[in-house]
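Encoded as C-alpha cells, the structure appears first; notes follow it.
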Amino acid sequence: QVQLVESGGGLVKTGGSLRLSCAASGRTFSSYNMGWFRQAPGKEREFVAGIKWSGRSTRYADSVKDRFAISRDNAKNTVYLQMNSLIPEDTAVYYCAANSGAVVSTTVKGYDYWGQGTQVTVSS
C-alpha cells in the first residue's frame, strides 16, 4: 500500500500561484498512477489532474486546463500540482490519490489510496 501526505496549501489572492506537494511512502510508488482531487464545502469531491505512472501522460479537468500542471518525481516519491492564475472558485481542500489500475482515472472510485488533504483558499 501507499501512504500519502499533502503539503503546500495556504491563502493566496486571485491571480496568485501555489505549488502543492504529495509525499508518498510504501511499495513501488513508480508503479502507481497519481491524481489530485478537490472538495469544496457542500460539494462532491472532483477530479483536478492525473498523471500516469511513467509521467508521460497527464489529464486535467476543463476548469483548470492551462492553469494547473501536474508532475511527478519518482526518484523522490513525490507528486506536484503547480497552480497558477488562481481564482476563488479554486478554493477547496486538495487531496492526493494513488491509483493501481491500468489507466489514469478521473473518478474518486478509481483511486485506492488518499492523503488527508491540504486547504487552498483564494481570496477576491
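Without hydrogens or angle criteria, Glu6 side chain to Thr118 main chain gives no donor-acceptor distance under 3.5 Å. Put simply, the side chain of Asn99 never gets that close to the backbone of Asn33: no donor and acceptor are under 3.5 Å apart. Listed for the Glu44 side chain is no donor-acceptor partner under 3.5 Å among the backbone atoms of Gln39. Between the Arg59 side chain and the Gly50 main chain, no donor and acceptor come within less than 3.5 Å of each other. No donor-acceptor pair under 3.5 Å is formed between the side chain of Thr91 and the backbone N or O of Thr121.
For the pair Trp36 and Ser21, the tightest heavy-atom approach, listed with the atom from each and the gap, is CH2-O, 3.7 Å. Annotation for Ser17 and Val12: closest pair N-CG2, 3.9 Å, computed over non-hydrogen atoms. For Ser105 against Gly110, the heavy-atom pair with the smallest separation is OG-CA, 3.5 Å.
Linking ILVMFWY side-chain heavy atoms closer than 4.5 Å, directly or via other members, places Tyr60 and Val48 in a single hydrophobic cluster. A continuous path of Ile, Leu, Val, Met, Phe, Trp and Tyr side chains, each step under 4.5 Å between heavy atoms, connects Leu18 with Val79, placing both in one hydrophobic cluster.
Annotation: side chain of Leu20 is not in contact with side chain of Ser7 (no heavy-atom distance under 4.5 Å). Between Phe68 and Asn84 there is no side-chain heavy-atom pair separated by less than 4.5 Å. Proximity of Tyr113 to Tyr32: side-chain heavy atoms (C-beta onward) are separated by under 4.5 Å at one or more points. With a 4.5 Å cut-off on side-chain heavy atoms, Val64 and Glu89 do not count as touching.
Of the listed residues (Asp90, Val120, Val122), just one forms a side chain to side chain contact (heavy atoms under 4.5 Å, CB included) with Met83, and that residue is Val120.
Rounding to the nearest 0.5 angstrom, the gap separating the SG atom in Cys96 from the CD1 atom in Ile70 is 7.5 Å. How far CG of Leu4 is from CD of Gln116: 10.0 Å, rounded to the nearest 0.5 Å. Atom-to-atom distance recorded for Ser124:OG and Lys13:NZ is 11.5 Å, nearest 0.5 angstrom. How far OG of Ser71 is from CE of Met34: 11.5 Å, rounded to the nearest 0.5 Å.
For the pair Arg72 and Tyr80, the NZ or CZ position fails the cation-pi test of under 6.0 Å to the six-membered ring centre and within 45 degrees of the ring normal.
A donor and an acceptor atom, one from each side chain of Asp73 and Thr78, are nowhere located under 3.5 Å apart.
Residues Phe37, Val93, Tyr95, Val104, Val108, Tyr111, Trp114 make up the rest of the hydrophobic cluster containing Phe47, defined by ILVMFWY side-chain heavy atoms closer than 4.5 Å, directly or through other members.
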